[in-house]
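First the structure, in the form of C-alpha cells, and then the observations on it.
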Amino acid sequence: MSSSSTPWPLIFIFIFLSLPLVHSRPDIVRGTPPNGTCSDVCGNITVKFPFGTGFGCGHPDFSRYIKCSSGKLQFSTLTGIYTVSSIDYSSNTIIVSDPLMSTCSSMQNSGSFSLDSSSPFTIMADDVFVLLGCSTTSPVFDLDEGLCDTGSGSHACRGLYSCKGVTGIGLYPNAPISTCCVYNSMNGVGSGYGLDLPKLQCSSYASIYGLGDDEGDPMKWKYGIALHYNSSDSNACKDCEASGGLCGFTGLDESFACNCRNGLNTTSNCFGRGLGYAWSGSWGLKFQTKMSIIAETSDLVDVILCLEQITGNMDEIMKEL
C-alpha cells in the first residue's frame, strides 16, 4: 500500500465501523463522578474505602455522612456538621470534633449530639461524656435512673471544674461539682439516640476519648468523640485499589464503580485503561481504545485532538493489515 496520507473518507469509514465497539463496552460506567471528584486524601487525612471525599465516592452507606469540603473531612448528623480529626483504619475508628463542645481551655454553651438509627457508626465504649452546668432539677440527677457515674466519674467532673475555662459557662474555677454529671447511659448516646442538652437541662458537654500522658491534668486530656464504624470489606474494591483506582458507586441502584485517575470509570478495575495505545496484536483493539476515549469525553477540542492522533497513526495501522 502507498505510504501517502490516508484519505479522510477512509478514516471516517474506520470511525463508523468502530462505533459499535465503543457502545458495546459493558464495563464502561456512565454517570459516575468526573475525574477529580474522588480523591484519596482530604487535607492531611488519608481517605480510604469505605469512606469517600464526595458523592459517588466510597461506599454509599457512608457517603451521606462523610465528605471533603474546603480541605476538611466532615462528618454530618441530624444535629450538625463536625470535623473528622483522624481515622484509624486498623481499628475502624474515627475521631470527630464538635466546634461547640467544651474543653479545659474553652467552655461554652453546646449544641446536642446524636446518631440516627441507620447510621453505620456507634459511640465507642471508652468515650466519657461529661455534662456541665446542669440544673439541680435535671433528670440526670434522678437517683432512680442512675444516669450519672458518681464513683470514678467524679474525677472527670473535678478535673474540668478546676479549669479556668468554666467561666465560659458562668461558673468559677473549682466550683462545686453538684452541677456536673458523667453520663453513665451509653444507650443515651449510641446509634439511634441523642444527647439532648435542653431536655437534660445542661449548659454544655465535653467528650473525652483519652487521658493523654497525665490523667490528672485535664489540659492534656484528648477531647473529641470516638466513633466505631462497621467494616465493609469488598473484593471488588480491593481489585480496584490494586489497579490504582478509587472505589465508588453509580446509578439509582448505587452499583459499584471503579473511578480511574484518568477519568475513565469501570465496573471492575483500571488495569488496561490507560490513555495511550495498548498494543495487543490486533489493530482493532488499538483503534477501539482510542475511540473509547472519544466516547468518554464531552469536550469538542478533545474529540478533535483524538481524531488528529488517529489520522497521524492511520498509515501505521494500514501497514499492519
Side-chain angles (χ1 to χ4, degrees), residues 32-103 105-124 126-129 189-197 204-210 221-232 234 237 240-241 245-250 254 256-257 259 261 265:
T32 51
N35 185 33
T37 298
C38 296
S39 175
D40 57 2
V41 65
C42 179
N44 61 351
I45 297 180
T46 300
V47 181
K48 299 179 181 179
F49 190 81
F51 304 120
T53 54
F55 182 77
C57 309
H59 193 285
D61 288 348
F62 291 83
S63 179
R64 60 176 292 193
Y65 299 101
I66 300 288
K67 71 174 182 178
C68 185
S69 178
S70 301
K72 293 184 178 180
L73 199 61
Q74 296 180 335
F75 173 74
S76 299
T77 73
L78 297 175
T79 50
I81 299 175
Y82 311 91
T83 300
V84 177
S85 55
S86 66
I87 303 178
D88 186 342
Y89 292 98
S90 62
S91 63
N92 290 6
T93 304
I94 71 171
I95 305 296
V96 301
S97 175
D98 181 351
L100 296 179
M101 184 180 67
S102 288
T103 65
S105 58
S106 176
M107 297 189 189
Q108 57 194 323
N109 291 336
S110 304
S112 299
F113 180 81
S114 70
L115 297 173
D116 62 76
S117 58
S118 62
S119 169
F121 299 90
T122 54
I123 297 289
M124 295 288 289
D126 292 337
D127 283 352
V128 177
F129 282 82
V189 290
S191 181
Y193 299 89
L195 189 64
D196 190 339
L197 292 187
S204 184
Y205 82 94
S207 178
I208 306 163
Y209 68 91
W221 293 352
K222 297 179 180 180
Y223 296 94
I225 304 171
L227 302 175
H228 182 270
Y229 61 89
N230 298 328
S231 178
S232 298
S234 168
C237 183
C240 173
E241 291 178 337
L246 297 173
C247 305
F249 58 93
T250 186
E254 299 181 333
F256 176 81
N259 302 308
R261 297 176 189 274
N265 302 311

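- Judged by distance alone, with hydrogens and angles left aside, the side-chain atoms of Ser112 form a donor-acceptor pair with the main-chain N or O of Leu197 at under 3.5 Å.
- For Asp61, there are no salt bridge (charged side-chain N to carboxylate O under 4.0 Å, His left out) partners, not counting sequence neighbours.
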Test side chain to side chain contact (heavy atoms under 4.5 Å, CB included) applied to Tyr82 and Ile225, step by step: CA-CA 10 Å; Tyr82 311 91; Ile225 304 171; 5.7 Å; no

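- A donor-acceptor pair is defined here as one N or O able to donate and one able to accept, closer than 3.5 Å; no such pair exists between the side chain of Thr83 and the backbone of Ser85.
- To the nearest 0.5 Å, the span separating CZ on Phe51 from CD1 on Ile94 amounts to 5.0 Å.
- Nearest heavy atoms, Met101 versus Gly224: CE-N, 3.6 Å.
- The CG atom of Asp98 sits 11.0 Å away from the OG1 atom of Thr103 when rounded to the nearest 0.5 Å.
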Residue pair His59, Phe249: steps toward the side chain to side chain contact (heavy atoms under 4.5 Å, CB included) verdict: CA-CA 7 Å; His59 193 285; Phe249 58 93; over 6 Å; no

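- With values rounded to the nearest 0.5 angstrom, Ser102 atom OG is found 8.0 Å from Asn109 atom CG.
- Not less than 6.0 angstrom separates the ring centroid of Phe62 from the ring centroid of Phe49.
- In this structure a side-chain-to-backbone donor-acceptor pair under 3.5 Å is missing from Tyr209 to Ile95.
- Between the side chain of Thr46 and the backbone N or O of Val41, no donor-acceptor pair lies under 3.5 Å.
- Residues Tyr229 and Asp88 approach most closely at OH-O, 4.1 Å, considering heavy atoms.
- Taken as a pair, Cys57 and Cys247 fail the criterion of an SG-SG distance shorter than 2.5 angstrom.
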